[in-house]
Amino acid sequence: MFRSNTCGELRLSNAGQTVTLAGWVQTIRKFGSITFIDLRDRYGITQLLFSESLNEQLEATPLGREFVLQVTGTVSERTNKNNQIPTGDIEILVNSFKILNKSATPPFTIQDDTDGGDDLRMKYRYLDLRRNPLRKNLELRYAVGRSARNYLHEQQFMDIETPFLIKSTPEGARDFVVPSRMNAGQFYALPQSPQTFKQLLMVSGYDRYYQVVKCFRDEDLRADRQPEFTQIDCEMAFVEQEDILQMFEGLIKRIFKDVKQIDYTETVARMSWEDAMWLYGNDKPDIRFDMKLCNLKKPGTVFLQKEDHSALVNGVDFKVFDEAETVLAVVAPGCSEYSRKQTDELTEWVKRPQIGMKGLVWIKYNTDGTLKSSVDKFYNEDRLRAIADASQAKPGDLILILAGQEERTRKAISELRLHLADSLGMRKPDEFKLLWVLDFPLFEYAEEELEGKGTIGRWVARHHPFTAPKPDHISIMIENDPVIRDRDNYLAHPYSGIKANAYDLVLNGNEIGGGSIRIYQRELQEKMFAALGMDAHEQQEKFGFLLGAFEYGAPPHGGIAFGFDRLCAILGGSESIRDFIAFPKNNSGRDVMLDAPGEIDEKQLKELFIQSTADRP
Ligand code: ASP
């Protein structure tokens, strides 16, 4: 028997028992003739006391940090108790010990606040994983996964595996490809998600499917993305949007309960994509706090039904606003007394390259009702008050205004909103707010350079090509020709107004899941592929299997996938998904521990019919 107990298990009630423990040496402290050692394993730390009688043996076989040690001894009450750890009332009076393995001096301390930098810890990930913070993260990940599986199992979902060596599944990223030795010159693609397989499973009659599954996307790595990541991937047949929303709010609420002991009893908020963009500047608003935006100048895009305040800002010869495509305001509550230094800092903040604005206009709505702004030269107090009122500011508030090209300004103000809320302590880590964002546009307009033909405007699927339009928008899709003839006026094309039967679940400003009701009729799917620029031949070549399946009794279906790593990170109160993955890649997509990707030898290349790097120009 290697051990009778773990290092986290023994209490005062065990006093007098003879036990055997095994673990890693965390610290060694010598006091005269006695030695204290903290022995660590996954379950905790137990103090060991080596009395004088063991000194000779300790000298002959000295111990070091991270040595693997087995000890046998008696549990006894400590005189000097440590109430910081659960085993702090006891220690083990060691009778005998054995070094099971030595350790080189670790390159960083295996402690909660280690001295190791990021790169070093990634290189020695197996040591980093010994530390409590990472162990807790992996435990949380396991708990989230288990909770999800339990819920889905109880709801009659079946976990069905789907292949990794497949053909492309378009989710908007590049594919990772794998050369096939047995099929000269041909390649598999790794799935960007199991999307088409889960739909085929619906055709096969497995009406509730799930899988906790790896997905692979060869994207330029933005901060905190991983080229391989895990989804909780789900699909259901015979459902409408409402069924899906209910089922999967249930899933997240269950995870909250099991993992965080939070009873999320309130109704999950819902918002249209258009409102999210209009009121918060992005499609995944953090609604733990209010601070809605005011669109002072309505841009010429999709916000057809919305109010226009441009008369308030235009017409006083303030070029910045006159020439801007959009002017957006956000109100910082209670900040009218910000100093010059503070407003300057905010201006610098929006000018950072990541935010990319040229400047910031502020209006202070003083508590005495007067108004002062950085553009007093142009706007008299009445105008300022009208702007303040439109922004729903109150005396005591500070109004911040950005102007410029629509997309950039919208992005910038939504970042500014979060930045302000952060500095005002309004984004509480222990508060969780869910939000469904609905009614996304089905298509996005994109421009593409075609060799010899110049630039053409075309439609791309905002979610993916299998997403169905809202039921009452299907006819718009069927009846209209997708070709964009008037590029400058693409918004007038009927396809611009088609809404998708899609939904994203947002938690505290992060998209944690997204999905849609799917197309299940061949004709509509062909129309969709055609709208995306695929001719019949390409459709057949790429998706013949799916179009074929739709001819054999495909049921109405829909689904969703949750970003498992991200969900864990949010529940764990962290910004970084890497901390919740046992063996992640770094920001350049490298595994620095394995030193992968790496080169392969000539023989392997030949077998795969790939020209060797040496022969390449
Ligand atoms: N396959 C989609 C994705 O990975 C999710 C879904 O539509 O179910 O985003």
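Every number for a ligand or one of its atoms is a count from 1 in the order of the listing. Count residues from 1 along the sequence.
- Residue Asp128 is tested with Lys123, Arg135, Arg121 for a side-chain hydrogen bond (donor to acceptor under 3.5 Å, both in side chains); the sole match is Arg121.
- The shell of residues lying under 4.0 angstrom from ligand 1, judged by heavy atoms, excludes Gln199.
- Ring-plane geometry between Trp459 and Tyr445 is classed as perpendicular, the angle between the planes exceeding 60 degrees on a 0 to 90 degree scale with a lower cut at 30.
- Across the listed options Glu235, Gln231, Lys198, Lys198 owns the non-hydrogen atom lying nearest to atom 8 (O) of ligand 1.
- Between Tyr126 and Tyr124, the two ring planes are perpendicular [angle over 60°; tilted spans 30° to 60°].
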Exercise. Might you work through the ring pair (Phe, Tyr, Trp, His ring centres under 6.0 Å) test for Phe256 and Phe432, ending with a clear yes or no?
Key: CA-CA 9 Å; Phe256 279 159; Phe432 294 99; 5.4 Å; yes

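- A tilted orientation is assigned to the rings of Phe248 and Phe562, their planes being inclined by 30° to 60°.
- Using cut-offs of 30° and 60° for the angle between ring planes, the Phe466 and His464 rings count as tilted.
- Within the listing of ligand 1, atoms 8 (O) sit less than 4.0 angstrom from a heavy atom of Ile560.
- Using a 4.0 Å cut-off between heavy atoms, Ser193 contacts ligand 1 through its side chain alone, with no backbone atom that close.
- Atoms of ligand 1 lying under 4.0 Å from at least one heavy atom of Gly515, given by number and element, are 6 (C), 7 (O).
- Of the protein's non-hydrogen atoms, Glu171 OE1, 3.6 Å is the one closest to atom 9 (O) of ligand 1.
- A heavy-atom separation below 4.0 Å is not found between Gln192 and ligand 1.
- Of all atoms in ligand 1, listed by their number and element, those nearer than 4.0 Å to a heavy atom of Arg217 are 3 (C), 4 (O).
- For the pair Arg518 and ligand 1, the shortest N or O to N or O distance falls below 3.5 Å.
- Using a 4.5 Å heavy-atom cutoff, the side chains of Arg141 and Thr230 are in contact.
- For atom 5 (C) of ligand 1, the nearest non-hydrogen atom of the protein is Gly514 O, 3.5 Å.
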